[in-house]
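All residue numbers in this chain count up from 1 along the given sequence.
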Amino acid sequence: MEKTKGSFVAVVRRIGSKYLKAPRHGDMGAVPVMTSAANFATYFRPFPKHQGRFMSFGSTRMQSTTAEGPYSMVRKQKKVGLRALQKAHLQGTKITMLTAYDCTMGKLAADSGVDIVLVGDSVANVRLGYDSTVEVTMEEMLMVTRGVRRGLDAYCGAGSVPLLVGDMPFGAYMTVRDALHNATRLLKDGKADVVKLEGGNKKAVETARALVEAGIGVMGHVGLTPQTHVSLGGYRQQGVRAESALQLLREAQALEEAGCFAIVFECVPAEVAEFVTSQLRTPTIGIGAGSGTSGQVLVCDDMLGASGAPVPSFVKKYAELGPITQGAIREYVKEVKQGSFPAPEHSKHMSEKELRRLHGLAGVEMDLPVDTGASEEVPAVAKATCNADGSYQRTHSQSRRMGGKAALAGAAAVSVGMMLAHTEEPGPGHARVVHTVQDIRTTVADAKRRGKKVGFVPTMGHLHEGHLQLIDAAAKDCDVVVVSIFVNPSQFAAHEDFDQYPRHLDADVSALNKQGKTHVVFAPSAVDMYPKDPRALTLSTAVVPRAVVGVPEDAQRPHFFTGVATVCSKLFNIVQPDAVFFGQKDAVQCVVIRNLIEDLSMPIEFNVVPTARASDGLALSSRNAYLTPDQRARAPVVHRALRAGESKLRAGNGSVPAERVTAAVREVLQREQDVKVQYVDVAGFRDMQSVDTVSVVNAGGVRPESPVIISVGLTMGEGDQTVRLIDNIVVE
C-alpha cells in the first residue's frame, strides 16, 4: 500500500490475469498527481504473479477448485499480512518478531502466536559458527529459509501463519541489479514472503525503493547494522548524541518514503527509538531499543539460553536450554557407557521361531534351558545346535538335573549368586560410586538394615583438606560415610560461573580412596536432581530460608542460600542419613542447615566442624584455586584481619560496640590495594543476625551464653583475576 502527500492510496489488484497498481477508491484518480517518474511507471507495469498474489491476498498459494473456478485463491491458513501489521501499529497493538533458523523453530514460533519470523543472517554466528554475519552466503540463507518455511507450512492452528522475512546477506545487494536478483531468489527459491536489508544511507534507500517498485516487500534496518559493524566502530550503541539520533530519524523517514513496510531499530537509546517511531507511519521493530517501538524482535537462541554463551544485556532469557541440553547429552553418554541404554522397552525383538531359524542357518550353537520333566536340585548346563528347520539337537553336561520351571529358577539363582559374589562390598579404600537416586537409597537402606549409623558429607567436589577433615569427623562418629559430589546449579545465578566451576570426579574419588574413610560416593547428574529444570533457574518448588534473608552474606548473593536449602532438602530426603557434617567456614550455611533440620523435624544429627586452615591461616576453599600466586601469598590477610577484630573485642570491658570490632578488621584489610571489602559483620552465633554491641566479662572473654561470629566478605584482584573470599571466626 502506498500513501502520498495528496492522500492518494494505491493497492495491488488482480485485473484479468495480471496484478496492477490501482487507486483504492475511484474518486482518487487513476494515478497520484505528485510522484516520481519511476513510481509513475509502476502503474503501467504488471507485478510478478508471486508478489502480486501476496500483495493482493496475503498468500502466494493458488489452487484449482470446481466451485470457484480455475486458479481461485484457496487459503489453507490465514497469514499475517502487511496490512495487518500496519493496522496493529496504528492501533498501538505490539508486534512480535522472532528469528528462526530451522523447520522446528519455525513451527514452534507459529504455534506460539509470533507475528513475524525473521530468518536472520545472525544464523552465521548462532548456528554456523562464523565470526560475524558477513561470512554467511546467499546459498546458506536460501537453505535455512526453506527449512523455516516448511515449519510454518506445518502450522494448522486457529491463528495466522507468521509473515516470513528473509534477511539479505552481506554482498547480496551491492548493486540494485544484485538486490533484485537475490531478493527474487529469496522469494522464489527460499519461499520467503518479504526481505530485509540493512542501512539507511542513500544507496540503501535507492535499493529498497527499487525492490518495492518491483513488488517485493522490504523491511528496513537502521541503528547498529551488524553487516557493517566495523565501519560503525564495533558492536556499540548508535544514536547516543542528538546529531546521530537526528540522522537515524532522517534514515528511517527515507526508508519509509521508499516504501519499506517496517523498520528495525537495533541498539539505540530507548528515548530515540520512541521518538523516531512517533514521527513515522511505518511500524518499527526494536532490538535493544526499549519498549517504545511498535514491536520487538529477539534472536531465538539468545532468549532460550540455547548456547550457554553470554548474551547482550538487552536480552531477557526466558529459558536456559543450554544446560538442560548438555545435561541430557551427558546422561545419554553415561547410560550408553554403563550399558543401561537401550533398555528392553527401547528395543524390538525377533520371534523365537525366527531366532531359532537364524541360528540354524548360521550353524551356531545356542545355550538353552534343559526341560526334562524331572525334579532334581542342580540346574543342568545345556548346549543346543539349531538345525535349518528350527529344530534342536541338545547335548547335556550336568551333575543332577532339575525339571521344567525349576531349572529356570535354579539358573537364575546361580546367576544372581555369581553376580553377588563378584560385587565388592563398599568400604574404606574402595568407595562405591553411585549415580542414581534409586542406587543410593538402596545402598543406604541396606546399611541401615544391618544396624549401621550413616554419616553424610555433602560437597560440590574439587575436594581439598577441608573436605577431608569433615569426612574424618564423620568417620569417627558413624559406621558408614556417604559423600555426595554434585555441583548444585541452584546456588549459581544465571550470570555466575556455574559452567566454569571445577569438576574432577575421578580425581575426587581417588582422593577419597587415598584417605580411606569413605564408603559410598553419590555423584548424581543435574537431570537426576532437577528433572524438570536441570539448570534449576525456574524451579516449581524451592526452600527459602527466611531467617537469613538480608544478612550481609545473603545480600551479596540473594539466590545462594535458597539454592543451599533446596538441594540439602533433596539430598537429605534421598540419602536419609543419621548425621550430617558441615564446616564452620560457611557460617550462614550452618545456620540455614540447622534451621532446616529443626524446623522440618528431620531425624538428623547436625554437626559443625571447625574451619580448616592452611598453615598461614587462610581458610581452605575450592575457590582458592582461582588465586594467582601473588594473591595466594597475600590472602592470609583475611584471617589476620579477623584476629585483629577478635583482639579488639577481647580487649574491651562491659558493652563493646560492634563498630569498634569491624573498624579493626577493615583497618587491616585496607592496607591491601586490590582488596574490596563487601562487608564486615559481628553477629549472633545461632542466627547470624547483626548485633550492635557485645557484652564481655572482666576476664576478657565473650559471655559463654552469647558467642558471636566476626565475618568478612571481600574480593581480591581486578578484572578476570577477581576472586571472592569469605571467612569468619567464632569468639566465645
Side-chain angles (χ1 to χ4, degrees), residues 12 14 19 47-64 71 73-85 96-124 126-128 133 136-157 159-169 172-173 178-197 208 211-212 214-219 221 260-262 264 297 299-300:
V12 176
R14 183 178 180 181
Y19 293 89
F47 280 78
K49 288 184 178 180
H50 185 84
Q51 289 81 27
R53 286 197 297 267
F54 178 75
M55 297 292 286
S56 297
F57 303 102
S59 175
T60 60
R61 297 182 181 84
M62 295 187 72
Q63 178 175 316
S64 178
Y71 304 106
M73 291 301 302
V74 177
R75 299 185 185 182
K76 295 181 180 179
Q77 197 74 38
K78 185 179 179 181
K79 177 179 288 187
V80 175
L82 306 188
R83 284 174 288 184
L85 298 177
T96 56
M97 184 162 86
L98 187 68
T99 67
Y101 310 114
D102 53 41
C103 177
T104 300
M105 185 53 65
K107 186 174 186 306
L108 289 172
D111 289 341
S112 303
V114 171
D115 298 314
I116 307 172
V117 170
L118 168 66
V119 182
D121 59 0
S122 49
V123 68
V126 175
R127 296 289 179 85
L128 302 181
T133 61
V136 70
T137 66
M138 190 68 198
E139 297 304 322
E140 289 167 330
M141 290 301 300
L142 288 170
M143 179 190 68
V144 175
T145 306
R146 282 194 297 270
V148 176
R149 166 56 72 191
R150 287 190 285 272
L152 298 185
D153 286 347
Y155 173 67
C156 56
S160 299
V161 177
L163 182 74
L164 181 59
V165 181
D167 220 346
M168 296 276 278
Y173 51 103
D178 288 342
L180 289 167
H181 173 71
N182 288 312
T184 302
R185 292 189 68 195
L186 268 177
L187 269 60
K188 293 184 66 175
D189 301 336
K191 308 300 182 185
D193 294 319
V194 293
V195 301
K196 181 177 81 68
L197 49 83
L211 293 175
V212 171
I216 299 174
V218 178
M219 175 180 284
H221 185 151
C260 288
F261 70 87
V264 173
V297 60
V299 172
C300 59

Can you tell me how far CE of M168 sits from CG of L211, rounded to the nearest 0.5 angstrom?
-> 6.0 Å
Who passes salt bridge (Lys or Arg N to Asp or Glu O under 4.0 Å) against D115, sequence neighbours left out?
-> none
Derivation of the side-chain contact (heavy atoms from CB on, under 4.5 Å) call for D167 and H221 = CA-CA 10 Å; D167 220 346; H221 185 151; 5.9 Å; no
From L142 atom CG to K188 atom NZ, the distance as rounded to the nearest 0.5 Å | 12.5 Å
Those residues that, when tested against P162, pass side-chain contact (heavy atoms from CB on, under 4.5 Å) (two or more places apart) | A110, V117, L152
The reported gap from SG in C260 to NZ in K196 (rounded to nearest 0.5 angstrom) is 11.0 Å
Give the minimum heavy-atom separation between R149 and A192, together with the two atoms involved.
-> NH2-C, 4.4 Å
Note: D153-R146 ion pair, threshold 4.0 Å (strictly below) = no
Rounded to the nearest 0.5 Å, what separation is found between the CG atom of L85 and the CE atom of M97?
-> 10.0 Å
Taking all heavy atoms of I116 and all of M219, pick out the closest pair and write down the distance.
-> CD1-CE, 4.2 Å
Within residues 102-113 or reaching into it, pairs that qualify as salt bridge (Lys or Arg N to Asp or Glu O under 4.0 Å) - sequence neighbours excluded | D102-R127, K107-D111
What is the minimum heavy-atom distance between V144 and Y101, and which atoms define it?
-> CG1-O, 3.2 Å
Answer yes or no: is there a donor N or O on one side and an acceptor on the other, between the side chain of T99 and the main chain of C300, under 3.5 Å?
-> yes
Kindly compute the distance separating CG (D189) from CE (M138), expressed to the nearest 0.5 Å.
-> 8.0 Å
Nearest heavy-atom contact between Y173 and D178 is CA-CB, 4.3 Å
Would you mind reporting whether L118 and L98 have side-chain heavy atoms less than 4.5 Å apart?
-> no
Please name the pair of heavy atoms, one in L180 and one in A214, separated by the smallest distance, quoted to 0.1 Å.
-> CD2-CB, 3.7 Å
Given the options L186, V194, V195, D193, I216 meets side chain to side chain contact (heavy atoms under 4.5 Å, CB included) only with V195
Chi angles and distances behind the side-chain contact (heavy atoms from CB on, under 4.5 Å) call for V123, M141 | CA-CA 8 Å; V123 68; M141 290 301 300; 3.9 Å; yes
